[in-house]
Amino acid sequence: MTDMLTHTLQEEFIRILQEELVPAMGCTEPIALAYASARGREVLGCEPEKITARCSGNMIKNVRCVTIPNSGGLTGIEAACILGSVAGNAAAGMEVLEMVDDRGRMRTSQLLQKNCCSVEFLDSEIPLHFIIELSGGGHVAEVEVRHTHTNIVSIVKDGQVVFTKEQKQAEKGYATDRQGLSLDTIKAFADEVELSQIRDIFERQIRYNMDIAYEGISGDYGLGIGRVIRQSYADGIVTRMKAYAAAASEARMGGCDMPVIINSGSGNQGIASSVPVVIYAREKNIPTEKLYRALAFSGLLTIYQKEFIGKLSAFCGAVSASCASAAAITYMTGGTIGQIKATIDNTLANIPGIICDGAKISCAAKIASSLDASMMAHYLAMENKEYEAYTGILKEDAGETISCVGYIGKVGMHQTDKEIIKMMLE
């Protein structure tokens, strides 16, 4: 084991992967609302008569246009909250709606018609922030979530606090320490980790995310972008990578009830950071051991980039995840650390400005476009072609470039985010 990657750091990276690469059904923002509502129902002790959902702008932006899985085609904050409260299983976490049946869907439709759920704008500087208040049977329960999708920071019943999270974790939203992440430590981890310690994580990721990719290609979701890409572009490995990743995203955004292994709280980022790597490895007959190591590299690099940007912002996460996929392919095919960094710089020299205007089926197109750019960056890097430092926002080191792009996404695009949300609400 290298001096760079201590045993403690290796264990922490495994915990990071276990914490972030978890299954979720559907778009994670409506699922988060359903989860909190299901938890609130448990505390309330009866079916709610009234629900008030106070949501930050980014939550409203990301729930508005996606179909909720197992809902019978419903969309919107109200539907997510009601369905979670009457038929959700909070113990299932981000798969809270897995066991919803016809009775739950029927009851949800009845309560929607009665307008039992109202939505209010929560003026918060935290992009992922919402409070669900449920009342019924003479009682009131309130569940508050901040920073990450299942990070319940407080539960209050009838004015009495029944749960509150320790402040440090409440303000981070996760339990693991991310400070050891860097390009060099991520590569060292991917090189050195015992496969037995990560095999289960990535076997599940491959199974779940490829299953929904195949479903998206064959099923009837959105515009059928995966099939159109395959039919319209010259056949080749990049075409297939784009087609299957986009198809998986479109199925997920279109209400498919199959789970996805997410990354950084996002199913689309989970798809974009894994499906292209799997497709490439299978096309090139790359050994499974190398594939697992490349997926570890891609997963951690996506998480590393998102540490600078945050879970929700005006910056499209497909860019970060596709950049990580291409860098992992450079790694998987024997690229040097210099070529890996060149892949990242070449990608971020090209597409650091794709905006996030909410979760919807067109996220699939953004994944396809981002993969096209990142694979071009990979091919340039493998020919030892790289844009020079200080070309635009590029810095001397790829890690510095990542932090700069993160700053732009989190701070520089803060006002952009507000304007996007304002336009969508209008």
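None of these values were measured; they are calculated from a predicted model. Just so you know, residue 1 is the first one in the sequence shown, and it goes up from there.
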Check for a donor-acceptor pair, side chain of [X] on one end and backbone N or O of [Y] on the other, with a separation under 3.5 Å.
X: Ser266; Y: Asn263; value: no
X: Arg39; Y: Ala90; value: no
X: Lys157; Y: Val43; value: yes
X: Thr185; Y: Ser182; value: yes
X: Thr330; Y: Ala326; value: yes
X: Lys284; Y: Arg282; value: no
X: Thr401; Y: Lys395; value: yes

Between [atom1] of [X] and [atom2] of [Y], what distance do you get to the nearest 0.5 Å?
X: Gln339; Y: Glu383; atom1: CD; atom2: CD; value: 9.5 Å
X: His147; Y: Leu312; atom1: NE2; atom2: CG; value: 11.5 Å
X: Met376; Y: Leu371; atom1: CE; atom2: CG; value: 12.5 Å
X: Thr67; Y: Tyr221; atom1: OG1; atom2: OH; value: 10.5 Å
X: Leu291; Y: Glu203; atom1: CG; atom2: CD; value: 10.5 Å
X: Ile402; Y: Cys323; atom1: CD1; atom2: SG; value: 6.5 Å

Is it the case that over 12 heavy atoms from other parts of the model lie below 6.0 angstrom from the [atom1] atom of [X]?
X: Phe121; atom1: CZ; answer: yes
X: Glu166; atom1: CD; answer: yes
X: Lys165; atom1: NZ; answer: yes
X: Arg207; atom1: CZ; answer: yes
X: Tyr387; atom1: OH; answer: no
X: Asp220; atom1: CG; answer: no
X: Met99; atom1: CE; answer: no
X: Tyr233; atom1: OH; answer: no

With a 4.0 Å cut-off on N to O distance, would you call [X] and [Y] a salt bridge?
X: Asp191; Y: Lys187; result: yes
X: Arg293; Y: Glu289; result: yes
X: Arg240; Y: Asp235; result: yes
X: Asp397; Y: Lys341; result: yes
X: Arg252; Y: Asp257; result: no
X: Lys366; Y: Glu250; result: no
X: Lys61; Y: Asp417; result: yes
X: Arg178; Y: Glu12; result: no
X: Arg64; Y: Glu29; result: no
X: Asp372; Y: Lys242; result: yes

Considering non-hydrogen atoms only, spot the tightest contact between [X] and [Y] and give its length.
X: Leu301; Y: Leu183; value: CD1-CD2, 3.5 Å
X: Thr28; Y: Gly265; value: OG1-O, 2.7 Å
X: Pro23; Y: Arg204; value: CD-NH1, 3.6 Å
X: Gly40; Y: Leu134; value: CA-CD1, 3.7 Å
X: Gly104; Y: Val86; value: O-CG2, 3.9 Å
X: Ala359; Y: Cys27; value: CB-SG, 3.5 Å

Contact check, side chains of [X] and [Y], non-hydrogen atoms, under 4.5 Å:
X: His378; Y: Thr333; value: yes
X: Leu300; Y: Ile16; value: yes
X: Phe202; Y: Leu17; value: yes
X: Ser274; Y: Ile206; value: no
X: Glu144; Y: Ile152; value: no
X: Thr75; Y: Val66; value: no
X: Val143; Y: Ser154; value: no
X: Val405; Y: Phe315; value: yes

Checklist entry - Can Ser37 and Arg41 be said to form a side-chain contact (heavy atoms from CB on, under 4.5 Å), step by step? => result CA-CA 6 Å; Ser37 299; Arg41 159 72 185 266; over 6 Å; no

Would you kindly say whether [X] and [Y] are connected by a side-chain donor-acceptor distance under 3.5 Å?
X: Glu19; Y: Thr176; answer: yes
X: Ser322; Y: Ser325; answer: no
X: Glu419; Y: Gln415; answer: yes
X: His129; Y: Ser56; answer: no
X: Asn70; Y: Glu98; answer: no

Next on the checklist: Test side-chain contact (heavy atoms from CB on, under 4.5 Å) on Ile262 and Gln269; report intermediate values, then the result.
Outcome noted: CA-CA 7 Å; Ile262 65 175; Gln269 288 166 57; over 6 Å; no

Next on the checklist: Checking Ile393 against Leu348 for the side-chain contact (heavy atoms from CB on, under 4.5 Å) test, could you report, in this order, the C-alpha distance in whole Å, the side-chain angles of both residues, the deciding distance, and whether it holds?
Outcome noted: CA-CA 9 Å; Ile393 61 172; Leu348 297 180; 5.7 Å; no

Checklist entry - With a 6.0 Å cut-off on ring centres, are Phe297 and Phe189 close enough? => result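 Distance test on ring centres: not under 6.0 Å, no.
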
Checklist entry - Could you go step by step and tell me if Glu142 and Arg54 meet the salt bridge (charged side-chain N to carboxylate O under 4.0 Å, His left out) rule? => result CA-CA 11 Å; Glu142 183 180 279; Arg54 298 194 286 279; 3.3 Å; yes

Checklist entry - Between Arg199 and Tyr292, is a side-chain contact (heavy atoms from CB on, under 4.5 Å) present by the stated rule, with each step listed? => result CA-CA 7 Å; Arg199 182 177 286 109; Tyr292 290 153; 3.8 Å; yes

Next on the checklist: Applying the side-chain contact (heavy atoms from CB on, under 4.5 Å) criterion to Leu33, which one of Ile68, Ile132, Ile82 satisfies it?
Outcome noted: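 Checked Ile68, Ile132, Ile82 against Leu33; only one passes side-chain contact (heavy atoms from CB on, under 4.5 Å): Ile132.
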
